[in-house]
Q: 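My questions all concern the structure below.
Throughout, protein chains are lettered first and strands after them, A, B, ... in sequence-line order, and every chain is numbered starting at 1.
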Amino acid sequence: MNFFNDLQERIKVALEAMIGDGTLPGGLDLGAVAVEPPRDPEHGDVATNCALVLAKAAKMKPRDIAEPLAARLAEADDVVSADVAGPGFLNLRMTDGFWHARLAEVLTGGTEYGRSDLGATSGKVNVEYVSANPTGPIHVGHARGAVYGDALASLLEFSGFDVTREFYINDAGAQAEALARSVHMRYREALGEDIGDIPSGLYPGEYLRRLGEDLAETKGDAWKSAPEGDWLEPIRSQSVDTMMAMVRGDLDALGIVHSVFSSEMELVRAGRVDALIAELLGRDLIYEGTLDPPKGKEPDDWEPREQSLFRATQFGDDVDRPLKKSDGSWTYFATDMAYHEDKIARGFETLIVVLGADHGGYTKRVNAIVEALAGDKVKMDVKLCQMVKLLRGGEPAKMSKRAGQFVTVRDVVDEVGMDVMRFIMLTRRNDAQLDFDFDLVMEQSRENPVFYVQYAHARCYSVLKKTQSAMPDVDLSAAALAKADLSRLTHASELALMKSLAGWPRTVESAALAHEPHRIAFYLRDLASHFHALWTKGKEDGSLRFLIDGDTELTLARMALVRGCMTGLAVGLGIIGVTPVEELR
RNA sequence: GCGCCCGUAGCUCAGGGGACAGAGCAGCGGACUUCUAAUCCGCAGGUCGGAGGUUCGAAUCCUCCCGGGCGCGCCA
């Protein structure tokens, strides 16, 4: 369906024919031949650099390759012209009929338009995202990674990859214990004790009060002054479960559902960390050694300590990494090694991990793990999402009503809605910082991309509805419109819209391969722009309106274009999880 | 000190080996009184942070420098 691929095939066939008749020497590598939209639409519809790429190996001037190739390609019925330009580019211009055929594909494709089997042979893909500590509600800072990961997973699925959406629960570390201690304090509080301020290092959030109260109800004062060893584990376990239920609820408010939740604690309990470390010891990838303190930022309490270290430097990391804390428990890194080993054992061939930018320093480490465990058999891609700056009235929004609290995803979704939250999070590349302006995102104007795109979709819906009531007898279903006489669509603005729609499969493919779902959001804004332009043309020139009294045939052709556009918008919005609304309030 | 990310129009950002570097906002000038008003068109705006290098060709790849962000054992 990606017509650039089809044309690439045609060009290769033509090149091979030229090799066959001696115009070109044999043995050329056609792999570097690119077929893509020219930067400047004035140059044509499709451009290829093949003459430039092949010139050296063929020992020919680019033009001597491009001109006979152009002559061959120009013979095709759907090619208007094939011109050699600039240093040796070959530009193709396609007939209107070619674009009409693309529009028909949109209509017959429907919600599947642009779906491909691109990833069918790539093996299983694991997308791990959010993976927030189960110690409280989801913070707005997590939302970007959540939306990014979710949209990326959808994008990959749409492109034929076998995708698993995974959440890693960090329930075995010090944070989970701090949660348990915090809940224990709330429990004592519920029993009437004056606990004063929650000590630093513990979680002061009000949301833990309820857990303390529940404990007081079920346990009475049994754990009130009992030693920590009696209650730490049961409270940890129970609190993590409660927090995870809350986290899932928060994610649900964002329209995000993971299919696999992996528990760090379960890996530890199943002995997976010990087993892996034994294996790595056997491979001499773990040794006893002492680390130097980091230069330039030496911690005050640094004590040289001989400990077990993983030879991460053999796999591109900057230093070897410790496996045990001084209290004997595993470091985060040690259990994460076991977690990645587990993912690999489950048969994933591509691992994508979405992290906040503040975890950037972890990238090399996790790459080192995967390389050590799977070599180049498993591809690892750590995606960092930069921070989101919340703005209100141009000023930084208050991140806290009071110290210790934070803006939750739930708060923001309640205020602006899921669609706005999701779309805005994809209006920047993941590695660029993002401003989230509460005033702007609620505005109904062109400046607000969510509104702009949804408005285009609503306009499509509206004009179809209007036409149906004006012409009750016509069939405006996609299947019927695909058979309309599309040759009536000849205006430059109509063709521009069809070309934009025809570019969708290529956009999806490239976004999927690059792991960049923001390209979908940018595409949608561009598609919407073409539609709005055509709409306004109809206001300036009555003959360009979609609904033409007395010319049912033309009206049907234009309805096909409108429905095609609506389909394109809906499919794209679907991938990023935004509702294609039928009307605006 | 070291590592990673970023530096593109006044502002916010696309483009990540190809042709004259694009869009939105802000500025200026127009169109549209409606198939839902919030839409559209045009003008103006640039040493792609700087300097070298690779290449037929560099905003894009490499090296160094400058500037900003993040991180740098027993947090995750």
Q: Is A:Asp551 salt-bridged to A:Arg488, going by a charged N under 4.0 Å from an acidic O?
A: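 Yes, A:Asp551 and A:Arg488 are salt-bridged.
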
Q: Could you tell me the separation between the CD atom of A:Glu264 and the P atom of B:rA76, rounded to a whole number of Å?
A: 7 Å

Q: Give the rounded distance in Å between these two atoms: CG of A:Asp439 and C1' of B:rC25.
A: 15 Å

Q: Please report, rounded to the nearest Å, how far the C1' atom of B:rC32 is from the CH2 atom of A:Trp535.
A: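 My rounded result for the distance is 13 Å.
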
Q: Hey, does A:Pro38 reach any base, or is it just sugar-phosphate, or nothing, if we go heavy atoms under 4.0 Å?
A: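 The answer is base, as A:Pro38 lies within the cut-off (heavy atoms under 4.0 Å) of a base atom.
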
Q: Under 6.0 Å from the ring centre and within 45 degrees of the ring axis: does the NZ or CZ of A:Lys325 meet both conditions for the six-membered ring of A:Trp330?
A: no

Q: Is A:Arg429 side chain donor-acceptor paired with the B:rG16 base, going by distance under 3.5 Å alone?
A: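 Result: at least one qualifying N/O pair found.
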
Q: Starting from P on B:rA23, measure out to OH on A:Tyr452 and report it in whole angstrom.
A: 13 Å

Q: Given the P atoms of B:rA9 and B:rU47, what is the spacing between them in whole Å?
A: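 Approximately 9 Å lies between the P atom of B:rA9 and that of B:rU47.
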
Q: Atom CZ of A:Arg39 and atom P of B:rG57: how far apart are they, to the nearest Å?
A: 18 Å

Q: Rounding to a whole Å, what distance do you find between A:Gln433:CD and B:rG7:P?
A: 13 Å

Q: Could you identify the nucleotide paired to B:rA44, looking across every strand shown and requiring Watson-Crick or G-U wobble geometry with both distances under 3.5 Å?
A: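 Partner of B:rA44: none found under 3.5 Å.
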
Q: Among B:rC40, B:rC75, B:rG73, find the nucleotide with the atom closest to the side chain of A:Gln307.
A: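 Of the options given, the side chain of A:Gln307 lies nearest B:rG73.
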
Q: With rounding to whole Å, what would you report as the distance between B:rC4 and B:rG10 at their C1' atoms?
A: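 Each nucleotide's C1' atom is 31 Å from the other's.
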
Q: If I pick the P atom on B:rC65 and the same atom on B:rG27, what distance separates them, to the nearest angstrom?
A: 42 Å

Q: Just wondering, more than 12 heavy atoms not from A:Glu306 lying within 6.0 Å of its CD?
A: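 Yes - once you tally the heavy atoms of other residues, nucleotides and ligands closer than 6.0 Å, there are more than 12.
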
Q: Compare the minimum distances between each of B:rC6, B:rU12, B:rC35 and the side chain of A:Val463, then state the nucleotide with the smallest one.
A: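 Selected nucleotide: B:rC35.
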
Q: Roughly how many Å apart are B:rA76 and B:rG15, using the P atom of each and rounding to a whole number?
A: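 My reading of the P atoms in B:rG15 and B:rA76 gives 35 Å.
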
Q: Just to be sure I understand the rule, does A:Lys364 reach a base, reach only the sugar-phosphate, or reach nothing, if contact means heavy atoms closer than 4.0 Å?
A: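 Sugar-phosphate only.
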
Q: Centroid distance below 5.5 Å plus an interplanar angle below 30 degrees: do A:His359 and B:rG71 meet both conditions?
A: no

Q: Nearest to the side chain of A:Pro294, heavy atoms from C-beta on, is which of B:rA59, B:rG73, B:rA38?
A: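 Per side-chain heavy atoms of A:Pro294, the pick is B:rG73.
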
Q: Does B:rU39 have a Watson-Crick or wobble partner in any strand here, with both distances under 3.5 angstrom, and which is it?
A: B:rA31

Q: Paired with B:rA23: which nucleotide, if any, by Watson-Crick or G-U wobble criteria at under 3.5 Å for both distances?
A: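 B:rA23 is paired with B:rU12.
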
Q: In whole Å, I'd like the distance from the CZ atom of A:Phe522 to the P atom of B:rG16.
A: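 Distance check: A:Phe522 CZ to B:rG16 P gives 12 Å.
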
Q: Could you give the distance separating B:rC43 and B:rA23 at their P atoms, to the nearest angstrom?
A: 10 Å

Q: Sticking with atom P, work out how far B:rU36 lies from B:rG29, rounded to a whole angstrom.
A: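 That atom pair is separated by 32 Å.
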
Q: If only side-chain N and O atoms count, and only distance matters, is there a donor-acceptor pair under 3.5 Å linking A:Tyr287 with A:Gln307?
A: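 Note: A:Gln307 and A:Tyr287 side chains miss the donor-acceptor criterion.
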
Q: If you look at every strand shown and take non-hydrogen atoms under 4.0 Å, does A:Arg558 touch a base, only sugar-phosphate, or nothing?
A: nothing

Q: Ignoring hydrogens and angles, answer whether the base of B:rA38 and the side-chain atoms of A:Tyr455 contain a donor-acceptor pair closer than 3.5 Å.
A: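 Looking at the base of B:rA38, it does pair with a donor or acceptor on the side chain of A:Tyr455 (distance under 3.5 Å).
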
Q: Would A:Phe89 count as stacking on B:rA19 if stacking means ring centres less than 5.5 angstrom apart and planes tilted under 30 degrees?
A: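 Aromatic stack with B:rA19 present for A:Phe89.
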
Q: Please work out if A:Leu547 contacts a base, only the sugar-phosphate, or nothing of the nucleic acid, heavy-atom cut-off 4.0 Å.
A: base

Q: Which one is paired to B:rG7, where only Watson-Crick or G-U wobble pairs with both distances under 3.5 angstrom count?
A: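 Paired with B:rG7, as far as the under-3.5 Å criterion goes, is B:rC66.
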
Q: Which one is paired to B:rC75, where only Watson-Crick or G-U wobble pairs with both distances under 3.5 angstrom count?
A: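 When the pairing criteria are applied, nothing turns out to pair with B:rC75, so the answer is none.
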
Q: Taking any heavy-atom pair under 4.0 Å as a contact, classify A:Ala132: base, sugar-phosphate, or nothing.
A: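 Since no nucleic acid heavy atom lies under 4.0 Å of A:Ala132, the category is nothing.
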
Q: Consider the side chain of A:Ala174, meaning its heavy atoms from C-beta on, and name the nucleotide among B:rU39, B:rA19, B:rC75 that approaches it most closely.
A: B:rC75

Q: Could you please name the option among B:rC41, B:rA76, B:rG15 that lies closest to any side-chain atom of A:Glu516?
A: B:rG15

Q: With distance as the sole criterion, do the side chain of A:Asn91 and the base of B:rA19 form a donor-acceptor contact below 3.5 Å?
A: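 Yes, the side chain and the base share a sub-3.5 Å donor-acceptor pair.
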
